[in-house]
Amino acid sequence: MDRTPRVSRLLADMTDAEKLGQLQIVFRPDPADAAQLVRTGLGCVFWPPSAGATNALQRVAVEETRLGIPLLVGLDVVHGQRTIAPVPLAQAAAFDPPLVTALAALAAAEARSGGVTWTFSPMADISRDPRWGRVVEGFGEDVHLTGAMTRAMIRGYQGDDLASPRSIAATAKHFVAYGAPEGGRDYNGVDASEHQLRNVYLEPFRTAAEAGVASVMAAFNTVAGVPMHANRRLLTGVLKDEWGFDGVIVGDADGVRNLLPHRVAETVGSAVRLAFHAGLDIEMGGAAAELDATERAGLDRTRLDDAVARVLTLKERLGLFDRPYVDESVEITEPTADSRALVRRAAARSAVLLKNDGTLPLENPRRVLLTGPYADSTDHLGAWTQYFGARAGTIVDALRTRRPDLHLEVVPGVDFLGDDTSGIPAAVAAAERADLVVVCAGEPSALSGEAASRSDLRLPGRQEDLIRAIASTGTRFVVVLETGRPLVVADWIDLAPSVLVAWHGGTEAPAAIVDVLLGDEDPAGRLPISWPRSVGQIPIHYAHENTGRPASTGGRLTTEESDVGLHGPDNVQDKFTSKYLDLELGPQFPFGHGAGYAAFSHSPPRVSAADVDRADLESGASVTLEIEVANTSGRAGDEVMQVYLEDVVASVAPPVRRLVAFERRAIAAGETAVFSFEIGCAQLGFWATDAASPAFVVEPGLFRLHVGATLQATQAVELRVS
């Protein structure tokens, strides 16, 4: 990588110990402890600072060390700093990249005002196992959606200029395949083929590199037996050499030290050497500080200087050499009216209607019961909000504020986790007095996030008992689910007339939920990850390969059974097909599922050309796909159009379908909009891995473009590549 004169000058003047100091980040929340480490040469700190505390620490680095190199200050700013946005999985459900950019820009401005210059976000992992707790931190199961949201979040964090007082360096994590741990257990090993790595797990990171992400974080897991913190083939061979990534690769917390229990290193010193040789630039946790002079001297000099140059270059790009301090008078310490309005809108746009019999939006009930543990809970923020004491209100208070005319009763009935059902009779009695019941159920924030894997994805505690009891009263009711992952709802979903997924919506979640319930906001989000019928189905993602013996679904279209004649009549009754004997085929709710309050009709899709030459595609040509969408209802609403590609015959078994484009758009009552998508190489191709070097290829043949508001309600148009 190219080095500026300042970076070259500093490198020439640094001792080995000073160089190694720049390549470490540690968590030191105590200011005095942190300051002492900075005096000894530490170049990066992880802590939740205030502007004053950060300036004080920067003064130690700039004024009390020999070289005066400013600090990188990192923090997990994952979905907000002072104003908490919906969790990233919820943001993905909005299918609205500009919204994600706006939320990241808000988080960046708040964080930078307090001295944070580096965030460990976004999570670009493809997550196809909802048992894994960190599914909440990413954008779901789909490669295209995850790539689009990753790019949007990087844009929001970094802006046009990293040196801006409203920008911070983003980190694409966790490189790579961290979202596919065996058994859904966090930190567990991954065994992925090169085909899967290239076409699924690496793709969002390639998108991040193309978007100019400042840093990438190595994952805790192994890939095919090699821990990622020691994986030179992927960290250096793919990320740095093949993709030309010139930013910083940072380890995860104690990821280098973890090479010892991985049993690929015998000592901390050998673990550090392995990691830096593999391509790591910054070690998180302090293992590098344990190297003695002999071990430091044993590090590869070229690799050491390259790592230091990358760190110093990032500090230059952030403007820290010229402006190491922040203006303490403009630090953002509380949410503002504008920031609250943004995250409130985001929480509403993230909401997904799993089903609705017309009960929603609510139409002038007089007596309303709120029950369930979320009725009067303030636990709406989700994972990774532990640093600054962010707060949210309650749904009952939000509803009372909006509708003081309601006769509102609150009987939680059960708590989140316990087995006590003694409160259910009181909830049933209250339901029998009410015109409408809102069951506020879900998974508390503590059950999702890092080290929060679950083997049972049903509602925790006795919440299902409460739902069944409310259903038995015959009173109209709605279930609102707040969660950080897909849940198994099969045992009660058929009893509920209307079910709304509100996720963990952040600071303004209660107000946003009320906005949706009352119809002020349209809950037109779509599921970014499939919801299984049973844990035993997992993984149940939609973009799977067809089997040689696909099972029949009895005439109901799923992604297992396409509408293009792949199943002959003999297969319908064939016992020897890919299915379960004791469970219906397909997820409870597939990726892309959802609908708003408005109604829409779709014209047949059309392409600008039904045949295109492969050479033209490789030269940059594309085909335009269009579809007209009319709002046939009496209210404005959002429609989310999704374009799925079906590669009818390929050299390797393709996914049955895969998302290649989408757009969410507001359409006024009675109006018609034309959605237009460009289909070219990026949409039609895939990574071929059978040769010595992987290559992105577009193969000749027939393709079908399936267009619709959900995966299961599409119309197809054919395109042939010659």
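The structure presented is a predicted model; accordingly, all values stated were derived computationally and were not measured.
Annotation: the span from Ile154 atom CD1 to Thr101 atom OG1 amounts to 10.0 Å, rounded to 0.5 Å. Here the straight-line distance linking atom CG of Leu20 with atom CE of Met14 works out to 9.5 Å at 0.5 Å rounding. Taking OG1 from Thr222 and CG from Asn188, the interatomic distance works out to 7.5 Å, rounded to the nearest 0.5 Å. In this structure, OG1 in Thr171 is found 11.5 Å from CD1 in Ile249, a value given to the nearest 0.5 Å. With rounding to the nearest 0.5 Å, the separation of CD1 in Ile126 from CD1 in Ile529 is 10.0 Å. The CE atom of Met284 lies 13.5 Å from the CG atom of Leu23; values are rounded to the nearest 0.5 Å.
Residues Glu450 and Tyr187 have side chains that bring a donor and an acceptor to within less than 3.5 angstrom of each other. In this model, no donor atom of one side chain and acceptor atom of the other lie less than 3.5 Å apart for Glu331 and Ser50. When only modelled atom types and interatomic distance are considered, Tyr157 and Ser121 share a side-chain donor-acceptor pair under 3.5 Å. Looking only at atom types and distance, the side chain of Ser453 has no donor-acceptor partner in the side chain of Asp186 under 3.5 Å away. Between Trp384 and Glu137, the side chains place a donor N or O and an acceptor N or O closer than 3.5 Å (distance only, hydrogens not considered). Side-chain atoms of Gln91 and His79 form no donor-acceptor pair, as typed in the model, at a separation below 3.5 Å. Ser329 and Asp327 share a donor-acceptor pair across their side chains, judged by distance under 3.5 Å alone.
In this structure, Phe139 and Pro88 approach most closely via the heavy-atom pair CD2-O, 3.5 Å. Minimum heavy-atom separation, Val330 to Ser113: O-CB, 4.0 Å. Between Pro49 and Gly114, the shortest heavy-atom contact is CG-O, 3.7 Å. When all heavy atoms of Leu72 and Leu320 are compared, the pair lying nearest together is CD2-CD1, 4.2 Å. Scanning all heavy atoms of the two residues, the minimum distance from Gln24 to Leu42 falls at O-CD1, 3.6 Å. The two residues Cys44 and Leu71 make their nearest non-hydrogen contact at N-CD2, 4.1 Å.
A 4.5 Å side-chain heavy-atom check between Val216 and Phe245 finds at least one atom pair inside the cut-off. Side-chain contact between Phe175 and Leu235 is present, with heavy atoms from C-beta onward closer than 4.5 Å. Two residues are said to be in side-chain contact when any heavy atoms from C-beta on lie closer than 4.5 Å; Val223 and Asp191 fail this criterion. Using a 4.5 Å heavy-atom threshold, the side chains of Phe321 and Leu312 count as touching. In this structure, the side chains of Leu447 and Leu417 come closer than 4.5 Å at one or more pairs of heavy atoms. Side-chain atoms of Val116 and Trp47, non-hydrogen and from C-beta on, never get closer than 4.5 Å to each other. Taking 4.5 Å as the limit, every side-chain heavy atom of Val135 sits out of range of all side-chain heavy atoms of Asp129. A heavy-atom distance below 4.5 Å is found between the side chains of Ile538 and Leu457.
Taking a cutoff of 4.0 Å between a charged side-chain nitrogen and a carboxylate oxygen, Arg82 and Glu110 do not qualify as a salt bridge. Arg296 and Asp16 are not joined by a salt bridge, as no carboxylate oxygen comes within less than 4.0 angstrom of a charged side-chain nitrogen. Looking at Glu141 and Arg128, no side-chain N of the basic residue comes within less than 4.0 Å of a carboxylate O on the acidic one, giving no salt bridge. The residues Arg6 and Glu316 are annotated as salt-bridged, a charged nitrogen and a carboxylate oxygen being separated by less than 4.0 angstrom. In this structure, Asp160 does not pair ionically with Arg166, as no charged nitrogen and carboxylate oxygen lie closer than 4.0 Å. Classification of Arg310 and Asp306 as a salt-bridged pair holds, one side-chain N sitting under 4.0 Å from a carboxylate O. Under a 4.0 Å N-O distance rule, the pair Glu18/Arg66 qualifies as a salt bridge. The pair Lys19-Asp305 meets the salt-bridge criterion, with a side-chain N (NZ, NE, NH1 or NH2) lying under 4.0 Å from an Asp/Glu carboxylate O. Under a 4.0 Å N-O distance rule, the pair Glu290/Arg257 qualifies as a salt bridge. Between Arg198 and Glu242 there is a salt bridge, with a side-chain nitrogen of the basic residue lying less than 4.0 Å from a carboxylate oxygen of the acidic one. The pair Arg151-Glu210 fails the salt-bridge criterion, with no side-chain N (NZ, NE, NH1 or NH2) lying under 4.0 Å from an Asp/Glu carboxylate O.
Annotation for Asp2: atom CG does not count as buried by contact number, only 12 or fewer foreign heavy atoms lying within 6.0 Å. Heavy atoms of other residues, nucleotides or ligands lying less than 6.0 angstrom from CZ of Arg185 number 12 at most. Within a 6.0 Å sphere centred on CD of Glu63, other residues, nucleotides and ligands contribute more than 12 heavy atoms. For Arg391, the CZ atom sits in a loose shell: 12 or fewer heavy atoms of surrounding residues, nucleotides or ligands are nearer than 6.0 Å. Within a 6.0 Å sphere centred on CZ of Arg263, heavy atoms belonging to other residues, nucleotides or ligands number 12 at most.
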Decide yes or no on salt bridge (Lys or Arg N to Asp or Glu O under 4.0 Å) for Glu194 and Arg233, but give the supporting numbers first.
-> CA-CA 12 Å; Glu194 189 69 11; Arg233 181 180 80 88; 3.2 Å; yes
Show your reasoning for whether side-chain contact (heavy atoms from CB on, under 4.5 Å) applies to Gln158 and Ile168.
-> CA-CA 5 Å; Gln158 298 189 171; Ile168 55 178; over 6 Å; no
In sequence, state the C-alpha distance, the side-chain angles, and the governing distance for Asp281 and Val250, and then conclude on side-chain contact (heavy atoms from CB on, under 4.5 Å).
-> CA-CA 6 Å; Asp281 299 309; Val250 61; over 6 Å; no
Might you work through the side-chain contact (heavy atoms from CB on, under 4.5 Å) test for Leu342 and Leu99, ending with a clear yes or no?
-> CA-CA 9 Å; Leu342 176 60; Leu99 178 65; 4.1 Å; yes
Tell me, with the steps shown, if Tyr178 and Trp132 meet ring pair (Phe, Tyr, Trp, His ring centres under 6.0 Å).
-> CA-CA 10 Å; Tyr178 185 45; Trp132 187 51; 5.1 Å; yes
Assess whether side-chain contact (heavy atoms from CB on, under 4.5 Å) is satisfied between Tyr387 and Val77, documenting all intermediate values.
-> CA-CA 9 Å; Tyr387 297 115; Val77 184; over 6 Å; no
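Within the cation-pi definition used here (under 6.0 Å to the ring centroid, within 45° of the axis), Lys173 does not qualify as a partner of Trp118.
Of the possible polar contacts, one joining the Arg485 side chain to the Pro130 backbone as a donor-acceptor pair under 3.5 Å is found. Between the side chain of His262 and the main chain of Phe220, a donor-acceptor pair closer than 3.5 Å is present. Judged by distance alone, with hydrogens and angles left aside, the side-chain atoms of Thr146 form a donor-acceptor pair with the main-chain N or O of Asp142 at under 3.5 Å. The backbone N or O of Pro97 sits nowhere less than 3.5 Å from a side-chain atom of Arg155 that would complete a donor-acceptor pair.
Aromatic ring centres of Phe120 and Phe46: separated by under 6.0 Å.
Evaluation of the side-chain hydrogen bond (donor to acceptor under 3.5 Å, both in side chains) rule for Glu203 yields Arg206, Trp687 as partners, not counting sequence neighbours.
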